[in-house]
Student: 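Before we start, here is the structure in question, set down as structure tokens.
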Amino acid sequence: MILKDIVHIIESVVPLSFQEEWDNSGLQVGNRNAEVKAALLTVDVTESVVNEAILLGCKLIISHHPLLFRGLKHLTGSTSQERCVEKALRHNIAIYSAHTSMDNYLHGVSGRIAEKLGITDYRILIPSVVQNEVGLGVIGDLPVAMSQDSFVAHVAKVFATNNTPLRWVEGKDDQISKVAICGGAGSEFMELAIAQGADAYLSADFKYHELQSACQRITIVDMDHWVSEHFTREIFDELLSPHVKTYIARTDESPVRYFLEMKSPEI
């Protein structure tokens, strides 16, 4: 399949017009007329992911986070980003990223979390001022109300990956019915979730004082950033697997490590 046709499939669902003005979604590296027989799907483009693409014979990497975000001023191999670009070019591997274009899609990052949690009739939490059904986050209802403890356990079960713990704070009510979600860093939208009547808000990268301010106001579930967005690979797979061979990157994982328990030394 030709790369430009794959790009067309992606952008027919999450066009670049969906992205935030500060973002850099789209084709990062590669010739639009190149032939692609297989694509590697990932959240992040790392040196390990590029090496995996080489081993699998993938001529395309599709990521959520852009490899090229704040610009590349030189190409000397002195940073991981530069080495990824160099190796991709050397092996004729294209790189495409759908970042906030996927974040702003109703059934994208946050919508997929809602579906995984069984939340129904969800809608955009922070609507775009220029396009209908486009915007960040979603808000919707659980089929049956759950206690805070049960709800957090439910989230933990759905996102059970890499032994990643959740942080959470208690809201004002023990029962959770309406849930707001923003995959990735969305702590700034907590007040909007409260204003729209959410009993709980799921997002990532909360600061301590933000969590403190939520106490007895709204249940907050603070997730690992990568974990909150790793379902994007499923979305890419569903879009593209009917057209081209796809692989979900085995080496793609959160760079954050968590200390879970002290193991007794072997004697």
Side-chain angles (χ1 to χ4, degrees), residues 43 64 102-128 133-232 234-235 253-254 256-262:
V43 175
H64 179 52
M102 184 66 77
D103 288 331
N104 280 303
Y105 172 45
L106 176 61
H107 304 295
V109 175
S110 302
R112 181 55 59 102
I113 295 173
E115 292 165 10
K116 293 286 184 178
L117 294 174
I119 293 169
T120 59
D121 298 325
Y122 58 84
R123 64 183 188 278
I124 295 292
L125 179 66
I126 309 103
S128 166
E133 295 297 306
V134 175
L136 294 169
V138 297
I139 185 169
D141 299 302
L142 289 168
V144 179
M146 306 173 73
S147 69
Q148 291 183 80
D149 287 346
S150 297
F151 176 70
V152 174
H154 176 50
V155 176
K157 182 178 181 180
V158 168
F159 286 90
T161 180
N162 286 12
N163 293 318
T164 304
L166 299 173
R167 299 193 303 166
W168 71 287
V169 298
E170 294 183 346
K172 64 178 181 178
D173 298 316
D174 184 55
Q175 293 296 299
I176 306 295
S177 294
K178 188 176 293 294
V179 179
I181 301 165
C182 185
S187 62
E188 64 190 285
F189 305 124
M190 180 184 74
E191 295 297 334
L192 288 173
I194 293 173
Q196 293 189 42
D199 303 307
Y201 181 44
L202 280 68
S203 193
D205 300 345
F206 283 86
K207 296 179 180 178
Y208 172 79
H209 290 292
E210 292 171 331
L211 294 174
Q212 186 182 52
S213 71
C215 287
Q216 303 307 311
R217 299 175 66 212
I218 186 172
T219 300
I220 296 291
V221 180
D222 183 26
M223 309 170 67
D224 175 88
H225 189 116
W226 180 92
V227 170
S228 76
E229 297 179 323
H230 80 285
F231 291 129
T232 54
E234 285 187 4
I235 301 173
E253 61 182 7
S254 174
V256 180
R257 295 291 180 265
Y258 296 88
F259 184 85
L260 299 175
E261 63 178 337
M262 178 69 77

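For this chain, numbers begin at 1 and follow the sequence in order. Computed over heavy atoms, backbone and side chain alike; hydrogens, waters and symmetry mates excluded.
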Student: Under 30°, 30 to 60°, or over 60°: which ring-plane class applies to Tyr201 and Phe206, parallel, tilted or perpendicular?
Tutor: perpendicular
Student: Ignoring hydrogens and angles, write down the donor-acceptor pairs under 3.5 Å from the side chains of residues 139-152, residues two or more places apart or on other chains.
Tutor:
residue : atom : partner : partner atom : Å
Asp141  : OD1  : Lys178  : NZ           : 3.1
Ser147  : OG   : Ser150  : N            : 3.1
Ser147  : OG   : Ser150  : OG           : 2.9
Gln148  : OE1  : Gly171  : N            : 2.8
Gln148  : OE1  : Thr219  : OG1          : 2.7
Gln148  : NE2  : Asp173  : O            : 3.0

Student: Would you find a donor on one side and an acceptor on the other, under 3.5 Å apart, between the side chain of Asp103 and the backbone of Leu136?
Tutor: no
Student: Mind checking what makes salt bridge (charged side-chain N to carboxylate O under 4.0 Å, His left out) contact with Arg217, not counting sequence neighbours?
Tutor: Glu191
Student: What heavy-atom pair brings Met223 and Ala204 nearest, and what distance separates the two atoms?
Tutor: O-CB, 3.1 Å
Student: With a 4.5 Å cut-off on side-chain heavy atoms, are Gln175 and Asp199 touching?
Tutor: no
Student: Quick one: pull up CD1 in Ile181 and CD in Glu115 and give me the separation to the nearest 0.5 Å.
Tutor: 9.5 Å
Student: If I take atom CD1 from residue Ile126 and atom CD from residue Gln196, how far apart are they, to the nearest 0.5 angstrom?
Tutor: 7.5 Å
Student: Measure centre to centre between the rings of His64 and Phe231, then say whether the value is under 6.0 Å.
Tutor: no
Student: Would you give the length of the straight line joining atom CD1 of Ile220 to atom CE of Met190, rounded to the nearest 0.5 angstrom?
Tutor: 5.5 Å
Student: Which distance, rounded to the nearest 0.5 Å, do you find between the OG of Ser110 and the CD of Glu229?
Tutor: 8.5 Å
Student: Which heavy atom of Val169 sits nearest a heavy atom of Ala214, and at what distance?
Tutor: CG2-CB, 4.0 Å
